[in-house]
Amino acid sequence: MTSDAEAAPDAAEGREPVLSVRDLKKYYFEQDSFLDSLLRRETQSVKAVDGISFDIQKGETLGLVGESGCGKSTTGETLLRLREATDGAIEFEGDDVLGMDRDELKAFRRRAQIVFQDPFSSLDPRMTIGDILVEPLKIHDLPAEVPSEQSKGEVRREKAKDYLERVGLSAGQIDRYPHEFSGGQRQRIGIARALMLEPEFIVLDEPVSALDVSVQAQVLNLLDDLQDEFGLTYLFIAHDLSVVRHICDRVAVMYLGNIVELGPTDDLFDDPKHPYTQALLDSVPRAAVEEQGRRVEPLPGDVPSPRNPPSGCRFRTRCPQVIPPKDVEIDQSTYREVMDLRDRIESNDLNLDTVWERADDENRSDKPAFKREFRAEFFAQGLSGENEATVERALDALAEDDHDRAAEILRERFASVCEQVRPVLQSGSHPAACHLYEQPERTEMAAEAPADD
Amino acid sequence: MSLSRFLLKRSLHGLFVVWGVITVVFGLRVIAPGDPANVLLPPNVDPEVRQQVIRELGLNEPLYVQYFEFVAGIPTGDLGLSLTTRTPVAARVLAKLPATLELAVAATVVAVIIAIPLGVISATRRHDPADYGATVFSLLGISTPNFWLGVMLIILFAVQLDMFPTSRRPVGFDTIVAQALALQFGSAWDALTTWLWHITLPAITLGTYFTALITRLTRSGMLDELGKTYVRASRAKGLPETLVRYKHVLRNTLIPVITVVGLQLGTLIGGAVITEAVFAWPGLGSLIINSFNARDWPVLQGSLIVVGAGFVVTNILVDAFYAYLNPQVTYD
Amino acid sequence: MADEILKVRDLKTRFFTEEGQVNAVEGVSFDVRDGEIYGIVGESGSGKSVTALSLIDLVESPGRVTSGEVWYRNTELAEEFRDENPEAVDGEFVDVRRLPKGVRRSLRGPSFSMIFQDPMSSFNPSLTVGEQIAEAVEVQRRARANPRRTRSRTQGYGLGKMLVDSLVPSKSYVQDASMDRAVELLEQVGIPDPVDRADEYPHQFSGGMLQRAMIAQALAGEPDVLVADEPTTALDVTIQAQILNLLRDLQRDEGMSVVMITHDLGVIARMCDRVGVMYAGEIVERGTLEDVFENPVHPYTQGLLGSIPDLADPAPRLQPIEGNVPSLIDSEMGDRCYFADRCPKAMEDCLQRIPEFDAEKAGASDDEHRVRCVLAERQYDESQALHDGHFEEQEVAADD
Amino acid sequence: MISPRTLRNLKKELSHSVLAKAGIVVVVFMVAMAIFAPLVAPYSPGQQNLDQAREPPLGFTTKETKEVTKTENGSVVIENGQVVTENQTVYNNATLAHPLGTDGNGRDILSRVIYGARTSMLVGLLGTALAALIGVTVGLSAGYYRGRVDDALMRTADIMLAFPSLILAVALVGVWGQAAFRIPDPFVATGFTEWWRGLVGLSAGPMPGDIVLPGTVIVVVALVNWVWFARVSRGEALSVREEEYVKAAKALGANDSRVLGRHVLPNAITPILVLATVQVAAIILLESALSFLGLSGASVSWGFDIALGRQYQSTSWWISAIPGIAIVLTVIGLNLVGDWLRDALDPGIDGEGGV
């Protein structure tokens, strides 16, 4: 969070990262009782985080931004082993975090801490502020030695008072209970608790999302000051892009368990590469008069379920720039319609009853009428040439209720590179995982592709 | 998950619970002190005869063989022989079952008919005399031991006022149905009134706790439900208050009520046992107490298994109704 | 210039809690015009949501709208009550608060409608979405068929029906025609496959889709005024953008007025023509978007704008408002500017009285930029400034 | 463990609610009666006096027709070599000596009710404590660790719930017999009783020297009712473990026992407390039902006395009625205290249990 932001990207290179994450995965398997497993054919997994890699440099603030369910909070908690990773590697200053045993993990906890989102749930309501702040010291039996004239308890309490003042509260409030404080004050206490062990690295999991804007600004300024004072490294998890822009040196954008773009803050905000980042930035309403009446082209639809994510590029089902095959000439909106149609056929989500109803044919024999109605419902404009012929053949198959063949016909002609190959982040300071940009060698990725199906 | 799948899952689960019940019941007999042969035989009997009886009962077999035979017999309806009467346990239990079912069903019906409207009135007219009345009633109801209530009802209505009989069940509901089916409506009517006359006090005795409990649950559940946002949203879209209350709120109130009622069915059956003891009602409860006093273990075991299985079956029905009211359960 | 559809005057809503009387809404006045989106912005506890509920008469115990007027332009009602209740009628306007209860209720749907922050809890979880929307249609259908009965408590929904309905999930209240209309409404708000979706339950919808359905439900009565209480707060930004587009399109197509209540200044900026800023139950500043955003006068508005990091133009350091949202308990409020204890420009004057709107003069156009602050009439005078720690001292004094 | 806010809520709710106050008064009264039984009971609960059998409580008179030996001038009339009998109307008047009347054997009902409170309270409190100990331990671990431990607990609970508690209790009593332990009554053993009774002028008659502890019944009610505690504490543990302060404690390096002891248990304790209050009531009801069926092994118990009164139900209603009223009062008192705790602390629990 150095205020001279332009220094950040260069500073990121050449230094040893504090934290380095490689291909981290976190899948949740639905907790089944033995009866469920008796009845269910296969266990479903939720791919909350699906192979992400990034580094965090000493003293920087890396932002992890994305919409709800993209896996950003899971990432934060998995980094600190509050959840067990499914696969991947995490290195903290050269130590293998995932391989740590109990004692090593306890030692690791002194160096890496976390601040949570909800100021009302993050403090134990049955403890006084003093108890809350002293608890970390008790757990680690700190300080190891105390001056002879003072007891350990006194030393700890002094330290708690000191940190309470450093986060902007008064030491006199130490014996109060959490409910006597406002949301912003409670968030300050949560920060003080994380600082008590004097960590080097803090995961800030949506630390200001639950706060009102005026209080949010206070806490952001505090975080800024503390970073300077203690030389902290932050992983700042948030969904609010304005806040991220304000506080972060570099930003990683997540979508459905993947990092889609990573770069220095100003680069990423001024020149977003990934279509998702572009859409995201475009969607944010700014508190400025220029915003009045601005109409954004929002992304269509909802984020797909992480239980069954799309193959290839996770974003392709909503992407406004899906890449058609090289030999197919088709405009983007029509291509989107064709792709949506195919997705629905493939996921068995296409109900032809209404179309037949509109075609006014109970016997389902009037195919031309069916195709006419179908086009009216699914295609805004006409198609032409070979595209038209392919769609026609697919509709014929649909009219005969042969969904598999229809999908097959469409797939043959319209299959996109976006659905076949999962794009990865390139090297460099501002990579984007998107086929619109140069991707590494194909052979490398082909090996990875089957895992997505 | 579809509804049928949900019910399949619940049934499998029920089967598991029944197995558990059978195992626990078998275990009870194993850890029980004393020798079943002693129940059958006079104390100083010839050891030869004694051994023969033990063989007959299968008690010389290893425990796992006994267990296996015990479990294997149950699906075929074989619950063993009564030690006292030497007749099949299953027959004895089945003979007593209708009386208990009549009592339990009568009590439940009375409870539901009284309790739900009472709870609704209490919740929608807070701080009204009706609310206080319902609150006092439900407090008394859940605090009164039903056997004592039965004794008091007998003293007041049977002994002092002579309005109802003190006990017994001269006619069963099956008789009424049989007569009605045989088109003997006159005698069916007589039988019905006799039946009603005899079942009134036991049903009140057994039903009071339940009525009170459901009233309480309905009241508190409805108050909770009325505070939810969708109630406000329903008002915002212009729905009349009656529609909001009864179509939306009451239905959602019943969902948790049903869960608790399902859990409390055991209480109902336990209550039936003691109610039967008070009113000399010839049902499963009387059978259990009698066989307990006679140390007739096979009958006691058989009754416990039937009661447990009955609880499981009723709970599956309750779950089905629950799923019907609450679409969320079948979609998780 | 468009005419006013709603004129709110000095609205006060109190909650009578065990801790004391809470002044959630403290004399709020504003106008909403035909076909505009009026924004009310404020932080949590500023009373903006209670204002919304007060407008459509949905404040529940222990809360009550204690005074104020809500003038609503409706010629039919004005005619009807001109003789019966002349106080409640002023030209084409009727004061909704002075109308009989049954009439007030009958206005929900065709006159006022509301959408809420959390769509998931705003739908009954155990009925299909289609049926719930159809109910809203059905109420209006029956109202047209029999206007008198609309104002009765039961609206012909009898005892037998309600018993059956409470046990049997049926659409017996809802007629097929209403169900069809519900499907049309779902289509209108951009829900794909409306026929199938109508038969699904709320938990089968995503948050964004359900908020669309909520909007469809609110449109069922073709309201004149739609009150939208934080309609996008629970949604992600890309979904928020969809919903905001939808709201604006509908507002334009249906010609209704929208009162947009939110804490998000960005949403206000994108959607609204005119805006009121709420703090501690009062509107402290109001005017056009330009007035309020470009030339804020009230220190609170200035602070609010200074607190938000700007996406396009990040400032190196934010300028937050110090302190916390004040208590709204009547006995603790006192007769002074409620913002004074957090105000960087507080002066002696601020403690003397509750500041009034500067331009409550006769004839002033409502377009005028109005501020509830002494600074609206005079310059900040450093010599009169309260010294640092003035309020802490008071607090200490009160504690002793 | 109890924060000032909790105490404030409790006080506030208490000041609002007449019922809560009444509940506390009743419960305190009953507990005091149980503790100080030998000091306040007019007679020993076992002391028979057949001459004064079936005396009604104060305010009532009963009339019954008795067959008595006919006497003339103080001597028995004999006709045809047989004692002549005649029907005579006998009035039973209440006396101050037995304000609640006497039972079929002429024992003082008031004394029996006072001593009966001991049995009920002992079983209620010890049974609940034991049930809570088992249930909370199992429930908290299951909810906190989830997985197989949880699965096993929930399945066991399902099986337990399939047995009606009364029937299971009957079966268990059948298995273990009706063991009862006798503990010397401290008041009597120290001679304090005698001194005190002399001081306040109560009949000096020897009071029972032992407190009867119905051991089997206590264990049985605990085994039957622990499931409710397990369910509630499991639910609490499940929700508390998702709280961010629990995650924070783990992030600080706290081990499981610290998290369970310092965070989960204190935050789960309120609903467990409410449940415990209601469970004392449920267990008192269960004990009285067992006694009514003659299965508890205690010779002085409210339920047992109700059963004893049944043979006189056509003439002497009070023998059954008065112990029952004592049960109802106690259970109402406990339920009111439970409601008070629930309203003040609002933990939202389900499952009450009962006979």
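Worth knowing before you read on, the calculation uses all heavy atoms, side chains too, and leaves out hydrogens, waters and symmetry mates. Each chain gets a letter, A, B and so on, in the order its sequence line appears, and its residues count up from 1.
Summarising the geometry of A:G301 relative to C:Q242, their closest heavy-atom pair is O-NE2, 3.1 Å, with the distance given to 0.1 Å. Scanning all heavy atoms of the two residues, the minimum distance from C:S307 to A:V213 falls at CB-O, 3.6 Å.
The most heavy-atom pairs under 4.5 Å with chain A, out of C:I37, C:V195, C:D249, come from C:D249. For the options C:G306, C:A241, C:P192, heavy-atom pairs under 4.5 Å to chain A are most numerous at C:A241. If you tally non-hydrogen atom pairs under 4.5 Å between each of C:I239, C:N245, C:L289, C:L235 and chain A, the highest count goes to C:N245.
Between the side chains of A:S283 and C:Q240, not a single donor N or O lies within less than 3.5 Å of an accepting N or O. Using modelled atom types and a 3.5 Å distance limit, the side chains of A:S214 and C:E43 yield a donor-acceptor pair.
Looking at C:D310 and A:R245, their side chains never come closer than 4.5 Å, going by heavy atoms from C-beta outward. In this structure the side chain of A:P285 never reaches within 4.5 angstrom of the side chain of C:M271, judged on heavy atoms. Side-chain contact between C:T238 and A:P298 is absent, with no heavy atoms from C-beta onward closer than 4.5 Å. Inter-residue side-chain proximity for A:D225 and C:R317 is flagged as met; some heavy-atom pair is nearer than 4.5 Å. Here the side chains of A:Q292 and C:I268 are not in contact, with every heavy-atom distance at 4.5 Å or above.
With a threshold of 4.5 angstrom between heavy atoms, C:D273 approaches chain A through its backbone and through its side chain.
Side chain of C:E294 to backbone of A:V289: no donor-acceptor contact under 3.5 angstrom is found. In this structure, C:D236 contributes its side chain and A:E67 its backbone to no donor-acceptor pair below 3.5 Å. A donor-acceptor pair under 3.5 Å links the side-chain atoms of A:N221 to the main chain of C:L318, judged by distance alone.
A salt bridge is defined here as a Lys NZ or Arg NE, NH1 or NH2 lying under 4.0 Å from an Asp or Glu carboxylate O, and A:R286 with C:D264 fails to meet this definition.
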